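It should be emphasised that the depicted structure is a prediction, and the values quoted were computed from it without experimental measurement. Below, chains carry the letters A, B, ... as their sequence lines are ordered, and counting in each starts from 1.
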2 protein chains.
Amino acid sequence: MGESSTSQNKTVKLADVARAAGVSQGTVSNVFNRPGLVSEQLRERVEEAAKSLGYRGPDPRGRLLRAGRVNAIGVVTVGPLNCFFDDQYTRLFLSGVAKACEARGAGISLVSAVDDEIAAWNIRTALVDGFILNCLNEGNMLVELAEKRGLPFVAVDFPVGPGFDVVRIDDYRGAREAAQHLLDLGHRHFAVFTFETEKEVRVGFVDDVRAERASFEVVRRRLTGYRDAFRAAGLPPQPVFETGSEFDGVCAGVDAVLAANPDTTAFVCTSDRVALHVITYLHSLGRKVPEDFSVIGFDGIEEAANSIPPLTTIYQPAIGKGEAAVELILGDKSDDAGGRVVELPIELVSGASTSSPRKT
Amino acid sequence: MGESSTSQNKTVKLADVARAAGVSQGTVSNVFNRPGLVSEQLRERVEEAAKSLGYRGPDPRGRLLRAGRVNAIGVVTVGPLNCFFDDQYTRLFLSGVAKACEARGAGISLVSAVDDEIAAWNIRTALVDGFILNCLNEGNMLVELAEKRGLPFVAVDFPVGPGFDVVRIDDYRGAREAAQHLLDLGHRHFAVFTFETEKEVRVGFVDDVRAERASFEVVRRRLTGYRDAFRAAGLPPQPVFETGSEFDGVCAGVDAVLAANPDTTAFVCTSDRVALHVITYLHSLGRKVPEDFSVIGFDGIEEAANSIPPLTTIYQPAIGKGEAAVELILGDKSDDAGGRVVELPIELVSGASTSSPRKT
DNA sequence: TCCATTGATGCGACCGATCTCGTTGAAACG
DNA sequence: CGTTTCAACGAGATCGGTCGCATCAATGGA
């Protein structure tokens with residue numbers, strides 16, 4: 001005891017300040033967190049001591065341990081973290097998450113799940129109060145892991161399961177409405193374009209078997225919706241092409257379809273992203289939309305409204321989904337938490353990318 | 001002592017498992033974190049005890065306190081969290097941050113700084129190992145706050161300061177090259193369009209005074225670059241219009257410029273986002289780019305390359321900036337940490353949105 | 001004058017895990 | 001057979017705060 005005040009190697013902590021100021025730890029804590037409870041003179045003394053020791057204020061780590069709550073929620077996505085920023089729909093969704101979190105003063109942690117091992121570790125150790133599970137495909141263990149962690153979580157666009165909350169839309173109905181819209185316009189020859197059906201993209205035509213086994217729930221529901229609409233209209237099965245979400249895959253799809261089915265008059269896409277690629281590529285081929293081909297998307301991202309021509313699409317409230325998910329986790333965990341289902345409405349938005357089929 | 005195993009109200013912790021298994025806490029810890037160090041039979045005994053107690057594995061909170069490192073870095077932005085997802089350039093930057101973090105197994109925390117009070121609290125309490133300060137405008141206290149917190153941090157696109165690292169590009173040179181490109185094509189009548197010069201957008205013409213006082217360092221440097229290029233070409237000062245980043249503001253700008261300066265042949269924009277809006281609006285007015293007007297941007301976002309026509313712009317490595325920032329924080333904090341400056345290269349990318357001026 | 005009330009503080013437990021030592025037992029060695 | 005060596009494990013300190021409760025002085029009312 002003697003070299004206590006200067007040239008400390010260790011970080012100075014609450015207890016040091018308390019000792020230096022001759023007060024208890026609790027009082028120092030109060031000075032920083034609830035200054036009103038401390039008399040002015042004592043407060044000044046403590047603040048002075050803190051400053052002279054170079055104390056930076058209560059370390060959040062200690063507070064965390066004691067408080068128990070992190071005040072942040074984790075957003076998990078299958079795949080690399082980048083997909084949070086690369087995909088337009090995901091961005092909208094996250095924008096909603098961000099808005100809701102900010103309103104509640106909570107933070108957001110992006111947790112990656114590139115592979116199973118990393119996912120397991122991250123979900124077990126993320127410093128959060130709950131998880132939003134996104135981009136789920138069947139068979140992955142995210143839900144299991146989240147359950148094991150024992151924190152509240154919400155699965156987005158996922159089959160309802162026992163013991164957890166879900167946010168979703170009616171993908172089946174949306175897809176069916178999209179197809180019906182084109183059928184009503186008089187189209188009879190379609191090409192269905194879908195993004196990844198499995199975690200690994202496989203660019204090429206998709207047969208019924210693969211379509212029904214698509215591990216992404218969303219894909220499966222949408223493809224089924226299209227199929228049922230066609231079937232109800234008395235049409236034979238229409239070709240389905242898996243393009244992925246990138247431009248190249250979509251180009252390959254357009255080429256393949258035009259070569260194999262020259263009668264095609266309409267492209268039905270499981271996402272706006274794919275639909276916009278289709279329009280861009282058709283344009284570069286000198287084909288006009290909607291004069292030569294109708295194109296319909298799904299999602300209702302902002303870029304769709306601003307494209308030339310504006311895209312006809314099934315709008316879904318991506319931002320609202322994000323907000324709803326946060327609400328489920330941070331909201332009053334009153335009664336039936338753990339089995340709630342929030343299904344948000346969708347809506348056909350008529351753009352200028354669809355019209356009656358060309359006469360040939 | 002008696003009702004110890006069942007119907008526990010409190011959460012079961014490491015110590016409980018240790019007691020139940022008749023081993024020390026350290027051993028239980030090892031079972032979960034370094035199973036190799038524990039003999040098989042003991043490990044099984046511990047695992048069984050853990051399972052029967054419903055122990056979910058080591059709580060990250062305890063680990064954090066002990067370990068000291070959070071293994072996550074915080075990204076701070078001025079303004080609402082949404083801007084992380086709404087702005088294309090910011091997205092690219094974050095994509096780089098994400099990529100680098102993922103490679104190092106670190107997480108990302110989005111911390112918001114909508115107003116000064118929230119910023120102060122969040123920076124003081126965020127559970128991170130360091131900060132990336134983005135979207136900085138002069139006079140805000142982010143840098144100060146980060147310094148006070150005592151964690152490593154990087155300021156992006158900010159004047160070099162003592163005691164902290166900086167990642168930047170040469171905005172002045174980029175702007176000057178952009179203007180020079182148009183001058184070389186023969187343009188003599190310009191309209192400079194800039195996004196926000198202050199935190200609050202003010203749509204309208206900007207005089208020299210306001211331009212030089214722009215609180216966003218980036219804006220100031222770019223505007224100066226344009227001005228010097230015009231001046232060096234012997235031109236009088238060209239009108240500068242603050243449009244903000246939204247479509248409406250840009251439309252107002254185009255209207256104002258066309259009304260006030262019908263001779264204008266080129267739009268020089270401080271961001272691609274603004275430039276793309278200009279093209280869209282001109283198109284809707286029936287004006288052609290580049291036949292009637294040349295438009296040049298700044299940033300080199302992906303949307304610029306895919307626009308019709310492809311945008312001529314100053315490309316900056318947004319993703320690289322994000323990666324560099326992470327590297328500065330997570331990399332070896334060897335020697336000169338705290339004053340390093342990383343300046344990344346820029347490059348003029350010729351699209352099809354610029355050509356020689358129309359003859360009138 | 002005395003008791004009840006209020007406000008300011010101190011005291012000690014606790015949050016949950018991990019790390020550093022030191023101990024123990026058995027195998028290995030000469 | 002005594003000693004070295006090493007793996008396996010236990011005990012206790014530590015990480016940095018915050019919370020509940022006890023304490024104590026000052027104030028106010030009867």
Side-chain angles (χ1 to χ4, degrees), chain A residues 8-47 49-50 53-71 121 124-127 129 149-151, chain B residues 8-47 49-50 53-71 121 124-127 129 149-151:
Chain A
Q8 284 277 72
N9 193 7
K10 307 170 66 62
T11 67
V12 17
K13 60 182 99 171
L14 195 82
D16 301 322
V17 178
R19 205 176 314 123
V23 299
S24 74
Q25 294 190 32
T27 300
V28 180
S29 176
N30 283 334
V31 167
F32 283 95
N33 297 310
R34 289 179 296 282
L37 290 186
V38 181
S39 69
E40 188 168 351
Q41 58 167 31
L42 200 52
R43 189 184 344 150
E44 278 175 14
R45 182 146 58 98
V46 171
E47 280 170 350
L53 286 180
Y55 184 63
R56 303 179 183 285
D59 188 315
R61 294 186 297 243
R63 184 204 327 276
L64 167 63
L65 183 55
R66 178 70 222 208
R69 291 180 349 105
V70 185
N71 203 31
W121 173 257
R124 275 173 49 118
T125 66
L127 284 162
D129 299 322
R149 173 73 186 268
L151 257 27
Chain B
Q8 284 277 71
N9 192 7
K10 308 170 64 63
T11 66
V12 18
K13 60 183 99 171
L14 194 79
D16 300 324
V17 178
R19 205 176 311 124
V23 299
S24 73
Q25 295 191 30
T27 300
V28 180
S29 176
N30 283 334
V31 167
F32 282 96
N33 296 310
R34 289 179 295 283
L37 290 187
V38 181
S39 70
E40 187 167 353
Q41 58 168 29
L42 200 52
R43 189 184 345 151
E44 279 175 12
R45 182 148 56 99
V46 170
E47 279 169 350
L53 286 180
Y55 183 62
R56 303 180 184 285
D59 188 314
R61 292 187 298 244
R63 187 211 317 282
L64 167 63
L65 182 56
R66 179 69 228 205
R69 291 180 351 102
V70 184
N71 203 31
W121 173 258
R124 274 172 52 116
T125 65
L127 285 161
D129 298 322
R149 173 74 187 268
L151 257 29

Sequence neighbours excluded, the answer for side-chain hydrogen bond (donor to acceptor under 3.5 Å, both in side chains) partners of B/T125 is none
Would you tabulate the nitrogen or oxygen pairs shorter than 3.5 Å linking the protein to nucleotides 21-26 of chain C?
none

Residue-phosphate contact under 4.0 Å: A/K13 side-chain N/O, D/dC15 OP1/OP2
yes
In short, salt bridge (charged side-chain N to carboxylate O under 4.0 Å, His left out) pairs touching residues 35-44 of chain A with sequence neighbours left out are none
Residue set satisfying side chain to side chain contact (heavy atoms under 4.5 Å, CB included) with B/A15, at least two apart, ordered chain then number -> B/K13, B/R19, B/Q25
Is any side-chain nitrogen or oxygen of A/R34 closer than 4.0 Å to OP1 or OP2 of D/dC19? yes
Residues passing the side-chain hydrogen bond (donor to acceptor under 3.5 Å, both in side chains) test with B/S39, sequence neighbours excluded, are none
From CZ of A/R19 across to P of D/dG17 the rounded distance in Å is 12 Å
Residue set satisfying side chain to side chain contact (heavy atoms under 4.5 Å, CB included) with A/P60, at least two apart, ordered chain then number -> B/L127, B/R149
Between its two end axes (five pairs each) the helix from C/dT1-D/dA30 to C/dG30-D/dC1 turns, nearest 10 degrees, through 40°
Tabulated below should be each protein N or O lying under 3.5 Å from an N or O of nucleotides 6-12 of chain D; please produce it.
unit_1 : atom_1 : unit_2 : atom_2 : d
D/dC9  : OP1    : B/S39  : OG     : 2.8
D/dC9  : OP2    : B/S39  : N      : 3.0
D/dG10 : OP2    : B/S24  : N      : 2.9
D/dG10 : OP2    : B/S24  : OG     : 3.1
D/dG10 : OP2    : B/T27  : OG1    : 2.6

Across all chains, not counting sequence neighbours, the side-chain hydrogen bond (donor to acceptor under 3.5 Å, both in side chains) partners of A/N71 are none
Per the under-4.0 Å heavy-atom filter, residues of residues 54-68 of chain A near DNA chain C come out as A/L65, A/R66
By salt bridge (Lys or Arg N to Asp or Glu O under 4.0 Å), B/D59 pairs with (sequence neighbours left out) B/R61
